[in-house]
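Keep in mind it's a predicted model, so treat the numbers as computed, not measured. Just the heavy atoms: all of them, side chains too, but no hydrogens, waters or symmetry mates, feed the values below.
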Amino acid sequence: MVLPRDWWATGLDGARGLWELFGRRPASLDGAVCTRLALHSPLGVRAIVLLADAPDPLPERWRTRGHDALSLKLSIVGCSLIRLSGPMPAHGCAVDIRPQAGGVRMRLHTRDFEALITAPIRGCIGHMKAYRRADGAPFLHL
């Protein structure tokens, strides 16, 4: 199976599972929010991203549990650049991820906060968790 070259998740291990979950279409980052960001060793970051996009139709087990949204735990290691400016807001921030030259570039931003993270190697989707938007964002440990 070949993933779209320009899809944001193409540069992440685990993208195939996301592709399959969304019915072999690219899950969108439009409206996605990064709610947590943590530095970890060595030269790596972990982030929790809540997608605004959801599979259509929802998987059967999601429907039976009332789930309608997806949270991703992302890990990027071997970063060549980690640049932060301002405090990350408690309510989260916009997220943009792009594959680049065998690696990945992630930008998080709001009016008063910006983070730019690049890595020459692939990142990964470490965990996907379904939840109900009405219950608020799930807590995933970084």
Side-chain angles (χ1 to χ4, degrees), residues 1-40 43-142:
M1 173 186 323
V2 177
L3 300 176
R5 291 178 141 212
D6 59 349
W7 181 36
W8 66 268
T10 297
L12 302 173
D13 290 335
R16 182 178 178 173
L18 188 59
W19 174 260
E20 292 289 333
L21 178 65
F22 276 74
R24 297 187 179 205
R25 75 162 173 88
S28 174
L29 279 181
D30 289 343
V33 176
C34 178
T35 58
R36 300 195 62 190
L37 179 68
L39 300 175
H40 70 93
L43 297 175
V45 298
R46 290 192 180 140
I48 302 298
V49 174
L50 308 179
L51 297 182
D53 193 5
D56 185 21
L58 294 173
E60 178 62 29
R61 70 173 189 243
W62 284 32
R63 288 192 304 265
T64 60
R65 295 176 181 163
H67 295 157
D68 60 359
L70 184 66
S71 173
L72 305 174
K73 181 195 288 186
L74 306 177
S75 293
I76 301 173
V77 296
C79 295
S80 56
L81 173 69
I82 301 174
R83 183 174 45 205
L84 305 171
S85 173
M88 184 169 173
H91 62 277
C93 58
V95 58
D96 178 50
I97 301 171
R98 304 223 184 256
Q100 67 173 24
V104 66
R105 174 189 179 273
M106 181 167 65
R107 180 176 175 251
L108 308 174
H109 56 95
T110 62
R111 194 174 114 223
D112 298 324
F113 170 76
E114 183 169 25
L116 182 60
I117 298 140
T118 62
I121 59 175
R122 298 164 64 99
C124 77
I125 298 171
H127 187 74
M128 293 189 279
K129 181 176 177 92
Y131 69 100
R132 290 189 320 180
R133 291 180 207 276
D135 292 342
F139 180 76
L140 288 177
H141 296 283
L142 288 174

Please report the closest heavy-atom contact between [X] and [Y], naming both atoms and the distance.
X	Y	result
Pro99	Thr10	CG-CB, 4.5 Å
Val95	Ala32	CG1-CB, 3.7 Å
Ile82	Val45	CD1-CG1, 4.0 Å
Gly17	Met128	C-CE, 4.0 Å
Trp62	Asp68	CZ3-C, 4.2 Å
Ala130	Leu70	N-CD1, 4.0 Å

Worksheet item: For the side chain to side chain contact (heavy atoms under 4.5 Å, CB included) test, which of Leu50, Val49, Val33 pairs with Ser71?
Response: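 Result: among Leu50, Val49, Val33, Leu50 is the only option passing the side chain to side chain contact (heavy atoms under 4.5 Å, CB included) with Ser71.
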Fill in: Trace of the side-chain contact (heavy atoms from CB on, under 4.5 Å) decision for Ile76 with Met106
CA-CA 9 Å; Ile76 301 173; Met106 181 167 65; 4.0 Å; yes
Worksheet item: Within the side chain of Arg133, is there an N or O that forms a donor-acceptor pair under 3.5 Å with the backbone of Ala52?
Response: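 A pair under 3.5 Å: yes.
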Practice prompt. Mark yes or no for whether Arg105, through its side chain, and Ile97, through its backbone, hold a donor-acceptor pair below 3.5 Å.
Written response: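 Checked: no pair found.
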Item to complete: May I ask you to test the Ile48-Leu72 pair for a side-chain heavy-atom distance under 4.5 Å?
Response: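 Result no, sub-4.5 Å side-chain heavy-atom pair not found.
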Discussion item. Any heavy-atom pair between the side chains of Thr35 and His91 that's under 4.5 Å?
Written reply: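 Contact flag for His91/Thr35 side chains = no.
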Practice prompt. Kindly state each residue pair satisfying ring-ring contact (aromatic ring centres under 6.0 Å, His included) with at least one member in residues 9-36, sequence neighbours excluded.
Written response: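 Sorted result for residues 9-36: Trp7-Trp19.
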Item to complete: Step by step, work out the side-chain contact (heavy atoms from CB on, under 4.5 Å) result for Thr118 and Ser80.
Response: CA-CA 6 Å; Thr118 62; Ser80 56; 3.1 Å; yes
Discussion item. Evaluate Cys93 against His109 for side-chain contact (heavy atoms from CB on, under 4.5 Å), listing each step before the verdict.
Written reply: CA-CA 6 Å; Cys93 58; His109 56 95; 5.9 Å; no
Between [atom1] on residue [X] and [atom2] on residue [Y], distance to nearest 0.5 Å:
X	Y	atom1	atom2	answer
Ile117	Leu37	CD1	CG	5.0 Å
Leu12	Leu18	CG	CG	9.0 Å
Arg83	Arg107	CZ	CZ	10.0 Å
Met88	Phe113	CE	CZ	5.5 Å
Leu108	Cys34	CG	SG	4.5 Å

Practice prompt. State whether the number of non-hydrogen atoms from other residues, nucleotides or ligands found under 6.0 Å of Arg25 atom CZ is greater than 12.
Written response: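 Enclosed: over 12 neighbouring heavy atoms sit under 6.0 Å from CZ of Arg25.
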Discussion item. Suppose we screen for side chain to side chain donor-acceptor pair (under 3.5 Å). Which residues come up paired with Asp13, at least two apart in sequence or across chains?
Written reply: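 With neighbours one apart ignored, the set is Arg122.
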Worksheet entry | Residue pair Ile125, Leu74: steps toward the side-chain contact (heavy atoms from CB on, under 4.5 Å) verdict | CA-CA 5 Å; Ile125 298 171; Leu74 306 177; 3.7 Å; yes
